[in-house]
Protein chains: 2
Amino acid sequence: MTTDPNASDERTARTDEQRDEQSANANAGDAKTAGSAADGTETADDGPEIVDGRTIEHLLTDHERDIAATAEGTEATAAKRPSLDLPRLELGRRDFMKAGAAVGAMSGLAGCTSILADEESNDSGDAAASGEHSVAPGEHDEYYGFLSGGHTGEIRVVGLPSMRELMRIPVFQAESARGFGHDAKSSQMLEEEGGGYTWGDTHHPRVSQTDNDYDGRWLFVNDKANGRMARVDLEYFETDAITNVPNCQGVHGACMQLPDTQLVFGVGEFRVPMPNDGRDVQSPDEYGSVLSAINPETMDVEWQVEVDGNMDNGDGGKEGRWFFATGYNSEEGVTESEMARSDRDYVKAFDIPAIWDAVEAGNYEEISGVPVVDGTMDSSLNEGDRPIVRYVATPKSPHGISVTPDGNYAIASGKLDPSCTVIDIDAIAEVDDPQESIVGQPRIGMGPLHTAYDGRGHAYTTLFIDSQVAKWDYEAAVEAEAGSEEPVIEKHDVHYNPGHLIASESYTASPQGDYLVSLNKLSKDRFLPVGPIHPENDQLFHIGDDDAGMELIKDKPSYPEPHDASIVHKDKIEPAKTWDTDDYEIDYVAEGEESFERVDDSTVEIEMWARRNEYAFPEVTLQEGDEVTLRISNVETTSDVIHSIAIPEYDINLALAPQDTREVTFTADQPGVFWAYCAYFCSALHLEMRSRILVEPDE
Amino acid sequence: MTTDPNASDERTARTDEQRDEQSANANAGDAKTAGSAADGTETADDGPEIVDGRTIEHLLTDHERDIAATAEGTEATAAKRPSLDLPRLELGRRDFMKAGAAVGAMSGLAGCTSILADEESNDSGDAAASGEHSVAPGEHDEYYGFLSGGHTGEIRVVGLPSMRELMRIPVFQAESARGFGHDAKSSQMLEEEGGGYTWGDTHHPRVSQTDNDYDGRWLFVNDKANGRMARVDLEYFETDAITNVPNCQGVHGACMQLPDTQLVFGVGEFRVPMPNDGRDVQSPDEYGSVLSAINPETMDVEWQVEVDGNMDNGDGGKEGRWFFATGYNSEEGVTESEMARSDRDYVKAFDIPAIWDAVEAGNYEEISGVPVVDGTMDSSLNEGDRPIVRYVATPKSPHGISVTPDGNYAIASGKLDPSCTVIDIDAIAEVDDPQESIVGQPRIGMGPLHTAYDGRGHAYTTLFIDSQVAKWDYEAAVEAEAGSEEPVIEKHDVHYNPGHLIASESYTASPQGDYLVSLNKLSKDRFLPVGPIHPENDQLFHIGDDDAGMELIKDKPSYPEPHDASIVHKDKIEPAKTWDTDDYEIDYVAEGEESFERVDDSTVEIEMWARRNEYAFPEVTLQEGDEVTLRISNVETTSDVIHSIAIPEYDINLALAPQDTREVTFTADQPGVFWAYCAYFCSALHLEMRSRILVEPDE
């Protein structure tokens with residue numbers, strides 16, 4: 001499946017419907033869509049007038065507006081405003097020396113012309129050489145990809161370059177195959193620490209680093225739905241902590257303080273009353289949003305910083321001083337139209353040592369037990385006369401932000417503006433006007449969302465509306481004038497509408513520079529149809545050869561909805577093969593140590609073991625109403641010989657990897673005979689591996 | 001990843017640990033393991049004495065017995081018995097004409113010599129030609145594979161030959177990405193019809209047929225854990241019915257009456273009191289197990305048949321008269337040792353018309369509202385003087401059973417015996433002694449579990465202990481003497497310990513004969529390590545060229561734990577691209593039809609819609625304690641433009657495909673501000689797609 005001898009046919013092979021829908025989702029004014037319109041698509045049949053490459057909003061019928069889809073989302077909003085009149089951003093100077101380009105008025109949405117994609121974009125070579133990137137049966141992949149599962153609540157582990165899904169790690173949801181949410185520890189984590197929600201919305205999985213490189217210890221991921229942060233232990237590939245973050249609705253971005261994962265940051269998105277307990281419901285001016293700093297060891301929230309506006313994504317500088325978050329709704333509106341009034345929003349640069357100083361000096365308000373520091377524009381808190389949070393104005397709604405591997409720049413993607421904004425990190429501490437830290441603002445394409453790096457000075461930015469990935473040179477962008485397309489080296493179509501993208505080890509100081517995955521939100525009819533809920537499409541590119549350009553290797557359908565990923569070289573992860581009983585909080589039950597104890601009239605404690613093909617107790621007799629605590633160990637020592645104990649009609653399945661011990665407490669409230677069985681097929685006599693649980697009825 | 005220029009290296013590349021564990025799991029006496037023992041594996045270091053290829057049980061230490069793993073499971077059990085002394089089975093005659101082979105004593109476990117695999121087994125050619133079987137980016141697969149998800153409770157849709165997972169279909173578990181268990185209809189299905197369990201154990205997905213070919217209408221699948229049967233609508237790829245089967249614990253096999261899916265059968269595994277309400281807990285003689293016949297349209301249980309012993313897997317004859325189930329524990333013991341006393345078990349052949357006659361004649365006992373017909377050996381019920389259930393004795397614990405595409409034979413795999421048993425289906429109705437319907441009993445290998453067909457007269461049987469798939473000629477097996485290895489054409493290693501296998505359209509009258517998937521229970525270190533819980537390994541073979549033999553194309557890691565699959569040609573499934581509002585039970589809410597109605601002091605009904613990038617109501621004000629019913633439609637008409645409404649901290653996420661309408665009822669019990677948002681990334685202004693839910697506090 002990785003060889004495509006005639007990849008150039010791939011584009012022409014698109015069906016009419018594909019073209020149709022692609023057109024509906026693309027910017028109605030860009031060159032490609034104009035082309036499809038000429039093919040007689042819906043847009044063309046009775047479509048909007050195209051003037052100078054732009055859709056004239058007032059000519060659209062309601063129906064056309066509906067069809068015009070994503071592009072409309074952008075264009076209609078823009079057109080509703082009387083004037084775009086974007087701010088003139090003064091670009092600062094790179095290291096106060098390189099500077100260069102005096103910067104003129106930045107182009108806004110209206111009047112911009114989209115950058116034409118190189119229609120060839122090396123497609124003729126795509127996948128032709130994919131044999132090099134194949135993984136034969138029995139061979140190992142080179143990388144672990146950790147993808148968020150979006151509103152499944154999970155993390156997915158994918159091998160690269162095969163793009164095979166190796167494992168799921170349940171995080172915010174109970175999951176029976178791994179017994180997550182079935183045993184006492186994980187169900188307590190979900191119920192008590194986690195707030196009792198049955199799902200989550202994972203977006204940004206980040207692997208812990210030491211000295212700006214992956215250390216393979218932990219993975220952190222946010223829950224946007226319920227404002228939580230979770231930690232996954234990468235020795236056991238299992239979620240081991242969940243923190244329900246107070247004063248905060250919608251932890252969106254999730255990132256770390258580098259170089260050594262000193263803090264984990266949760267970027268609060270939605271503005272709500274703090275605490276959100278019914279107060280100030282009708283007073284949006286009183287709402288707030290916070291950045292939360294979480295201790296990676298204890299998972300306690302150390303402090304929060306309240307800011308103006310909604311926040312979105314984040315990333316940390318490589319030296320640990322600055323943390324950056326994008327945002328939207330600087331208007332602090334509560335409806336879409338209120339949020340769309342202003343033409344600018346901000347990148348917020350958090351001065352972490354200054355915030356610690358404020359906390360230590362007691363300059364905070366304690367809310368819900370957490371010190372909340374004032375980081376709004378009006379705050380009087382400062383560090384050397386400069387605010388602890390510096391607001392860098394950008395065109396409206398900057399979305400993704402990521403720090404270059406060399407630590408020099410934070411690059412924010414424009415989303416509603418075709419540019420990316422390059423912020424000089426060293427400059428932030430030095431300049432009087434935060435705007436002076438902006439050292440580049442190249443025009444990349446329509447709907448730039450996220451940016452990844454190859455370690456060779458190239459940035460790769462997803463273009464949601466253009467359905468492309470643009471490769472560009474960020475030092476060239478610093479040298480070029482704002483609004484220049486010159487830094488763009490190459491664009492490659494993706495299928496379709498990409499959100500995040502991630503390159504191998506892009507978040508470290510030393511990206512590997514070979515693979516890139518574009519996480520595309522729509523797949524249309526790229527795969528066999530599977531009903532109205534489509535998979536997404538995670539596309540793998542080889543980016544290791546700058547002369548050959550980006551090479552499409554593979555399409556991977558993906559269950560909704562991975563948002564983001566981290567890609568880690570296999571040598572940096574050292575998973576355990578079996579459990580180390582010393583690592584486990586509850587006592588192992590060895591063979592011979594099994595016990596059945598009736599503690600009192602209605603309390604029973606059972607300690608037992610499992611091995612091929614039996615449980616310590618082939619039979620257990622209980623009385624209706626007994627409170628039963630069952631602890632069970634898998635006494636196998638051979639890796640991959642997994643057992644479970646599934647109790648029919650009692651809604652329990654404990655998964656037991658070798659040397660693992662799990663515990664569950666349940667009430668024997670149904671009289672009858674219940675054949676507990678092993679749900680992991682473990683031997684030829686697997687079916688016979690059972691324990692008969694007799695629950696004698698109350699007389 | 002499908003090309004392996006030097007596939008023969010794949011075997012030699014196994015690490016020591018792999019060999020070690022392979023040895024632990026393989027039959028300690030077979031040729032391959034003897035070889036690894038010589039390599040200095042654990043088994044060899046202080047391992048059991050090998051005599052004539054067999055492990056001498058009494059020489060094993062407890063530790064060695066533990067290490068000896070799966071093989072021990074089999075061998076130790078065998079060795080505990082004083083004598084295997086298997087019954088002499090008289091083979092009947094093929095169509096009362098072809099017959100042939102007078103059959104001698106059937107070999108049991110002890111004393112058997114394993115069949116040596118062809119160590120070459122075409123491995124040198126494996127995957128070399130896999131380019132032919134690749135699916136380039138943008139190309140479609142040829143087949144849908146529907147895999148059960150085992151104790152995840154789900155169904156997985158995989159494309160063949162790419163082996164990409166296209167979609168998950170939640171069946172017995174709530175799943176937030178699709179909103180399953182979040183909206184009113186699916187949560188009622190799980191809670192009320194489904195019995196309120198939060199998980200299930202899906203084993204056998206079967207696609208409905210018309211005239212012995214797939215009609216693409218429904219997929220049925222069992223829940224072994226909680227005794228249920230579910231139906232998936234293959235227009236929408238969504239579970240649309242769950243039946244909680246009474247009088248039954250552990251619905252294992254799931255199959256259909258052919259040629260036209262007249263009934264769906266649930267094969268009851270565990271013996272329990274009927275009903276299992278606390279009666280007869282301590283009286284195993286009173287336990288029973290039943291075959292359940294379910295109406296595919298209404299999903300009602302039409303009738304059940306009580307039988308002797310535990311049942312296991314099942315399959316239906318092509319003409320609709322006979323249904324077959326394997327079984328174990330004919331002893332009706334309640335411990336593993338009691339279940340292991342007898343050397344024979346039975347294939348049960350159910351005479352479906354005769355059972356209907358008994359039901360219509362009132363010859364049943366009604367239990368839990370279902371007519372239960374007596375199909376035990378002692379039953380007086382009969383059809384033309386022959387029992388309505390005929391018990392065909394086989395070596396102990398026959399496991400899989402499947403009917404050949406020509407409808408001539410039902411082939412049961414031996415599990416604890418190295419043979420498969422070939423039963424002549426026409427003969428069953430005619431012979432006085434059911435044993436006379438056995439027309440072949442070839443020796444296939446160690447641990448035969450399941451058998452699939454290519455439509456060219458070949459059977460493919462998984463060998464769990466040998467970690468192989470054996471290809472054999474079933475007509476040759478009818479001609480050969482019982483116990484002959486002659487019918488075996490080829491064996492191919494799999495990695496490792498296969499359970500089910502499935503060939504393309506193997507369950508129809510016309511298998512496609514090109515692809516076969518072996519669902520291997522253990523992957524060992526076949527993939528990058530991901531902690532103590534390993535993926536399984538679903539291996540794809542090309543079987544279309546009998547001269548070239550079986551060719552290994554691909555390894556696919558698989559989240560635990562697919563048990564079985566059906567493979568359907570893409571032309572036989574016609575999924576909907578958007579919802580047809582006529583197909584949906586609740587009313588669609590068009591733009592302009594939105595409404596907010598306060599029905600009384602504490603009841604609110606909201607009808608609204610969603611489209612890019614807004615909800616009908618940007619704001620909704622509720623009072624603490626309100627009972628809220630929210631109905632919402634996605635008014636998009638473009639396929640793949642999916643929305644959702646996620647309500648933070650209210651634990652709700654309704655997924656909304658285009659033209660879909662969902663409803664949820666919740667109590668507004670938390671005062672505060674809750675930003676409902678769209679969790680499907682739908683446009684550049686996706687983040688702004690929100691509705692502010694204000695829950696005003698009780699004063």
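Values below: every heavy atom of this structure, side chains too, minus hydrogens, waters and symmetry copies. What you are looking at is a predicted structure, and each value in this text was computed from that prediction instead of being measured. Sequence lines set the chain letters: A, B, ... in the order given, protein chains first and strands last, and positions in each chain run from 1.
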* chain A contact via B:Glu165 - which portion, at a heavy-atom distance below 4.5 Å -> both
* Heavy-atom distance under 4.5 Å to chain A: side chain of B:Val157, backbone, both or neither? -> side chain
* Judged by modelled atom types alone, do A:Asp651 and B:Thr198 share a side-chain donor-acceptor pair under 3.5 Å? -> yes
* Asked: Do you know which of B:Pro532, B:Gly499, B:Ala646, B:Gly447 has the most heavy-atom pairs under 4.5 Å to chain A?
  -> B:Pro532
* Asked: Are the charged groups of A:Glu636 and A:Arg611 less than 4.0 angstrom apart, N to O?
  -> no
* Asked: Given a strict heavy-atom distance threshold of 4.5 Å, which part of A:Arg178 is in contact with chain B: side chain, backbone, both, or neither?
  -> both
* Centres of the A:Tyr287 and A:Phe270 rings: under 6.0 Å? -> no
* Asked: Contact part of B:Pro658 toward chain A, heavy-atom cut-off under 4.5 Å: side chain, backbone, both or neither?
  -> side chain
* Which answer fits A:Glu175, side chain, backbone, both or neither, if we ask what part of it has an atom under 4.5 Å from a heavy atom of chain B? -> side chain
* Can you name the side-chain hydrogen bond (donor to acceptor under 3.5 Å, both in side chains) partners of A:Asp280, sequence neighbours left out? -> none
* To do: For residues A:Met689 and A:Leu687, determine if any side-chain heavy atom of one lies less than 4.5 Å from a side-chain heavy atom of the other.
  => no
* Toward chain A, the part of B:Tyr677 with a non-hydrogen atom under 4.5 Å -> side chain
* Asked: By a 4.5 Å heavy-atom criterion (distance strictly below it), what part of A:Glu238 contacts chain B: side chain, backbone, both, or neither?
  -> neither
* Name the member of B:Ile642, B:Leu234, B:Asp698, B:Asn310 that forms the most heavy-atom pairs with chain A at distances under 4.5 Å. => B:Ile642
* Structure fact -> ring-ring contact (aromatic ring centres under 6.0 Å, His included) filter on A:Tyr236, not counting sequence neighbours, yields A:Trp579
* Asked: Is the centre of the B:Tyr680 ring less than 6.0 Å from the centre of the A:His151 ring?
  -> yes
* Can A:Asp141 and A:Arg164 be counted as an ion pair, charged N to O under 4.0 angstrom? -> yes
* Side chain / backbone / both / neither for A:Asp660 at chain B, heavy atoms under 4.5 Å -> neither
* **Heavy-atom proximity to chain B below 4.5 Å, by part of A:Tyr559** => side chain
* Answer with yes or no whether the side chains of B:Ser683 and B:Asn613 bring together a donor and an acceptor at under 3.5 Å. => no
* **Any donor-acceptor pair under 3.5 Å from A:Lys224 side chain to B:Ala679 backbone** => no
* Structure fact -> Among B:Thr335, B:Ile647, B:Asp277, the residue with the most heavy-atom pairs under 4.5 Å to chain A is B:Asp277
* For the pair B:Asn653 (side chain) and B:Ser176 (backbone), establish whether a donor and an acceptor sit closer than 3.5 Å, ignoring hydrogens and angles. => yes
* Structure fact -> Cut-off 4.5 Å, heavy atoms of chain A, and the answer for B:Gln659 is neither
* Structure fact -> Closest heavy-atom pair, A:Asp555 versus A:Gln539, reported as atoms and distance to 0.1 Å, is OD1-NE2, 2.7 Å
* **Toward chain B, the part of A:Phe527 with a non-hydrogen atom under 4.5 Å** => both
* Region of A:Gln249 that comes under 4.5 Å of a non-hydrogen atom in chain B -> both
* **Segment of B:Arg168 engaging chain A (4.5 angstrom heavy-atom cut-off)** => both
* Asked: chain B: which of A:Phe237, A:Trp199, A:Phe674 shares the most heavy-atom pairs with it under 4.5 Å?
  -> A:Trp199
* Is it possible for you to check whether B:Lys415 lies under 6.0 Å from the centre of the six-membered ring of B:Tyr328, through NZ or CZ, and within 45° of that ring's axis? => yes
* Structure fact -> Whatever's closer than 4.5 Å to a heavy atom in chain B on A:Ile533 counts as both
* Structure fact -> Per-residue tally against chain A (heavy atom, under 4.5 Å) across B:Val695, B:Val530, B:Ile573 peaks at B:Val530
* B:Asp640 side chain to A:Lys524 backbone, donor-acceptor under 3.5 Å -> yes
* Heavy-atom pair count under 4.5 Å with chain A, highest-scoring of B:Pro648, B:Pro697, B:Ala657, B:Gly200 -> B:Pro648
* Asked: So does B:Glu619 have more than 12 non-hydrogen atoms from other groups sitting under 6.0 Å from CD?
  -> yes
* Asked: Can you say whether A:Thr578 sits under 4.5 Å from chain B via the side chain, the backbone, both, or neither, judging by heavy atoms?
  -> backbone
* Structure fact -> Under 4.5 Å to a heavy atom of chain A? For B:Glu649 that would be both
* Asked: chain A heavy atoms under 4.5 Å from B:Glu269: which part of the residue, side chain, backbone, both or neither?
  -> side chain
* So what's closer than 4.5 Å to chain A heavy atoms on B:Leu449: side chain, backbone, both or neither? -> side chain
* So, B:His563 side chain and B:Gly150 main chain: donor-acceptor pair closer than 3.5 Å or not? -> no
* **For chain A, the option from B:Thr152, B:Leu528, B:Val281, B:Leu694 that forms the most heavy-atom pairs under 4.5 Å** => B:Leu528
* Engaged part of A:Asn329 at the chain B interface, taking heavy atoms whose separation is under 4.5 Å -> neither
* Asked: For the side chain of B:Ser523 and the backbone of B:Pro535, is there at least one donor-acceptor N/O pair under 3.5 Å apart?
  -> yes
* Relative to chain A, which segment of B:Asn276 carries a heavy atom at a distance below 4.5 Å: side chain, backbone, both, or neither? -> both
* Asked: Checking B:Phe681 against chain A: side chain, backbone, both or neither under 4.5 Å from a heavy atom?
  -> both
* Asked: Which one of A:Gln670, A:Lys570, A:Glu561, A:Glu624 has the most heavy-atom pairs closer than 4.5 Å to chain B?
  -> A:Glu561
* Measure distances from B:His686 to the heavy atoms of chain A and classify the residue's part below 4.5 Å as side chain, backbone, both or neither. => neither
* Asked: Backbone N or O of B:Arg271 within a donor-acceptor pair of the A:Trp675 side chain at under 3.5 Å?
  -> yes
* Structure fact -> Among A:Gly159, A:Gly195, A:Ala576, the residue with the most heavy-atom pairs under 4.5 Å to chain B is A:Ala576
* Asked: Quick one: what part of B:Asp312 sits under 4.5 Å from any heavy atom of chain A, side chain, backbone, both or neither?
  -> side chain
